[in-house]
2 protein chains.
Amino acid sequence: MARPDRPARVRGTGNHILDALPPADLARLRPDMEEVALVVRDVVFDAREIITAVHFPVSGIVSLVTPMEDGSIVEVTTVGNEGMVGVPVFLGAQSTTVRAISQVSGRALRLPVDAFLRAIDDHSQLRAVVQRYTQALFTQISQSAGCNRLHSNEERLARWLLMSHDRVGADRFPITQEFLSQMLGVRRATVTVSAGILQRAGFISYARGQVTIVDRKGLEGASCECYRIMQTELVRLLSY
Amino acid sequence: MARPDRPARVRGTGNHILDALPPADLARLRPDMEEVALVVRDVVFDAREIITAVHFPVSGIVSLVTPMEDGSIVEVTTVGNEGMVGVPVFLGAQSTTVRAISQVSGRALRLPVDAFLRAIDDHSQLRAVVQRYTQALFTQISQSAGCNRLHSNEERLARWLLMSHDRVGADRFPITQEFLSQMLGVRRATVTVSAGILQRAGFISYARGQVTIVDRKGLEGASCECYRIMQTELVRLLSY
DNA sequence: CTCCTTCCGTACGCTACCGTACGCATTGGG
DNA sequence: CCCAATGCGTACGGTAGCGTACGGAAGGAG
């Protein structure tokens, strides 16, 4: 299972959803969009908070997490430049129960909700693509739900690293074990142990908040099937 | 957190989505719909299989589960007469990675995919309601993903019983511990232990595949917050 | 250069749940 | 009426990950 090719950006925004639009449609959206920076730990929207804009990442990673009453959180899926942050708006909701938090710093195109909803009405192509991305998100979250229950910490860590690798498009990216532990819903110390195993196996190297993917194939072998399933379904649904 | 009132059916099908439609819209759908029985263990649709019809349950429970390569499964959410089985079709997909399996026998109205898609195009009200149900499903699955990771077997069992209680509309319903163990992603013996605790606490009684909800309030106290969150969000989104 | 913060490695007792297995009670079919 | 199948209770050793804690190394700020 190879990671999706990352074609040279001959044109476009860098976000796969936007770049799937006819150039004329995209041009009409442009005036309403603003490019913003998403700095690590930024909360794009919080649970039960009115969502004012949707975001199309062009770089970096945003995590969708379920916050619990005791303050703990668990990631349900990640969004990179393949997707969109704010799908609940597409489904007619003003808020949701999940939090969207920037996990790896990057940039995104911000589109206010009213402009987005108008665009959805006007551009059938955009509607179709977002619809299929929504379905991909469904797959990812459903698979996560099972994965969280059945698979070991080490497998899930490998999966997380692979998904992030796909989305950041670089072999080295910043992520602390403390953050990772929150995403995976385990102790920080457990991440240290699992990451140590992957590191000693020669798949990754870890140092002071920077992880480097050394042997991607090896990492794929260490991951559970869930990575492959999510990735395959994403490519299948978004092969515009 | 009271369970939603179950108003006497003065009219309608018994399925909340269909009954939220203007009578004229529903009347036009009727010729295309067929009432079918869903017997326990029936697979309504399987992972990676073309979905040929959507189903609107009027009684019984359908579970959406994520099947893993080793044959194990985990429930990601349940669907009763508040919802619809086949949301991926609404999102433009022909298949998905989850399996829909009947968990408590009942009846459903079956609508072929092409008729459903036509209806979605023609009836904006149906589109709006299904859209919001889709959002509710999102909430449920996301919450499940976190719950599966963070909460104890006993809490999750209580949550499952409460959700099912809401959907079957009866204090007593059939469910074996073997099935429950698959839904919760644990051993059958673990279910026995947890169910035993709930039983000795006087919240439920269990005998040969029949569970009886004895003390609903007590069960709510034994459940994690996830039941309340899912239920609140469902009511909020579907309070037509 | 020093101090303080961040980040990571490790350790230890503990708990929940696992895999497996056995036995018993109830139920339905021949 | 008997037997097989189904469903549940229980037991026991094993283990993954927990809560907590301590220490050390790297880096940034003054």
Side-chain angles (χ1 to χ4, degrees), chain A residues 39-41 68 70-75 103-105 146-161 172-201 203-212 222 224, chain B residues 39-41 68 70-74 103-105 146-161 172-201 204-212 222 224:
Chain A
V39 180
V40 62
R41 289 164 215 252
M68 295 295 179
D70 66 357
S72 59
I73 61 177
V74 182
E75 184 185 84
Q103 202 60 224
V104 173
S105 299
C147 189
N148 281 349
R149 185 88 264 282
L150 295 176
H151 296 148
S152 74
N153 181 54
E154 191 183 327
E155 288 173 314
R156 295 190 304 115
L157 173 58
R159 169 170 75 76
W160 197 94
L161 292 170
R172 180 185 169 88
F173 52 91
I175 182 76
T176 67
Q177 295 191 354
E178 175 67 37
F179 253 51
L180 256 176
S181 75
Q182 294 192 353
M183 293 304 102
L184 299 176
V186 298
R187 292 175 315 147
R188 199 262 313 153
T190 300
V191 173
T192 304
V193 172
S194 298
I197 295 174
L198 295 179
Q199 184 155 10
R200 277 186 292 278
F203 301 156
I204 63 171
S205 80
Y206 219 119
R208 295 204 66 73
Q210 296 282 333
V211 65
T212 306
C224 49
Chain B
V39 180
V40 61
R41 285 165 218 252
M68 295 294 179
D70 65 357
S72 60
I73 61 176
V74 181
Q103 202 59 224
V104 173
S105 298
C147 188
N148 281 349
R149 185 88 263 282
L150 294 176
H151 296 149
S152 74
N153 182 54
E154 191 182 327
E155 288 174 313
R156 295 189 304 116
L157 173 59
R159 170 170 75 76
W160 196 94
L161 291 171
R172 180 184 167 88
F173 54 90
I175 182 75
T176 67
Q177 296 190 354
E178 175 67 36
F179 253 52
L180 256 176
S181 76
Q182 294 191 354
M183 293 303 103
L184 299 176
V186 297
R187 290 176 316 148
R188 199 262 312 153
T190 300
V191 173
T192 304
V193 173
S194 299
I197 295 174
L198 296 179
Q199 184 155 8
R200 278 186 291 278
I204 64 172
S205 79
Y206 220 119
R208 294 203 66 72
Q210 296 282 333
V211 65
T212 306
C224 48

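In what follows, every chain begins at residue 1, and chains take the letters A, B, ... in the order their sequences are listed. We use all heavy atoms of the structure for the numbers below, so side chains are in, but hydrogens, waters and symmetry mates are not.
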Side chains of A:T190 and A:N153 only: does a donor on one sit below 3.5 Å from an acceptor on the other? no
In whole Å, what is the span from the CG atom of A:L157 to the P atom of D:dA16? 16 Å
Contacted region of DNA chain C by chain B, from 5' end to 3' end of the hits, cut-off under 4.0 Å to heavy atoms, spans C:dC17 to C:dT27
Flag the pair A:M183 / A:I73 as yes when at least one side-chain heavy-atom distance between them is below 4.5 Å, and no otherwise. yes
Could you state the interatomic distance from OG1 (A:T176) to CD (A:Q103), rounded to the nearest 0.5 Å? 8.0 Å
Return yes if some donor-acceptor pair links the side-chain N/O of A:R156 with the main-chain N/O of A:L184 below 3.5 Å, else return no. yes
Taking atom P of D:dG9 as reference, at what distance in whole Å does atom CD of B:E178 sit? 13 Å
NE2 on B:H151 to CZ on B:R159, rounded to 0.5 Å: 9.0 Å
Contact letters for nucleotides 23-30 of chain D, in which S counts primed atoms plus P, OP1 and OP2 and B counts the base, heavy atoms under 4.0 Å: --BBS---
Could you tell me whether A:A195 contacts a base, only the sugar-phosphate backbone, or nothing, with contacts defined as non-hydrogen atoms closer than 4.0 Å? nothing
With a 4.5 Å cut-off on side-chain heavy atoms, are B:V186 and A:R149 touching? yes
Main-chain N/O of B:V40 paired to B:S105 side chain as donor or acceptor, under 3.5 Å: yes
Considering the terminal five base pairs at each end of the helix from C:dC1-D:dG30 to C:dG30-D:dC1, what angle separates the two local helix axes, rounded to 10°? 30°
Looking across every strand, which nucleic acid part, if any, lies under 4.0 Å from B:V186 by heavy atom: base, sugar-phosphate, or nothing? sugar-phosphate
Side-chain N or O of B:Q210 versus OP1/OP2 of D:dG7: is the shortest distance under 4.0 Å? no
Distance check, rounded to the nearest 0.5 Å: B:L161 atom CG versus B:I175 atom CD1? 9.0 Å
Of the options D:dG9, D:dG7, D:dG17, whose atoms approach the side-chain atoms of A:N153 most closely? D:dG17
Upstream residue (5' side of DNA chain C) when A:T192 and B:H151 are each assigned their closest nucleotide: A:T192
Distance-only donor-acceptor test, A:R187 side-chain atoms vs D:dG17 base atoms, 3.5 Å: no
d(B:L150 CG, A:D70 CG) to nearest 0.5 Å is 7.0 Å
Side-chain N or O of A:T190 closer than 4.0 Å to phosphate OP1/OP2 of D:dA16: no
Once rounded to the nearest 0.5 Å, what's the spacing between atom CD of B:Q199 and atom OG1 of B:T212? 9.0 Å
Test item: B:S194 side-chain N/O and B:V191 main-chain N/O as donor-acceptor pair under 3.5 Å: no
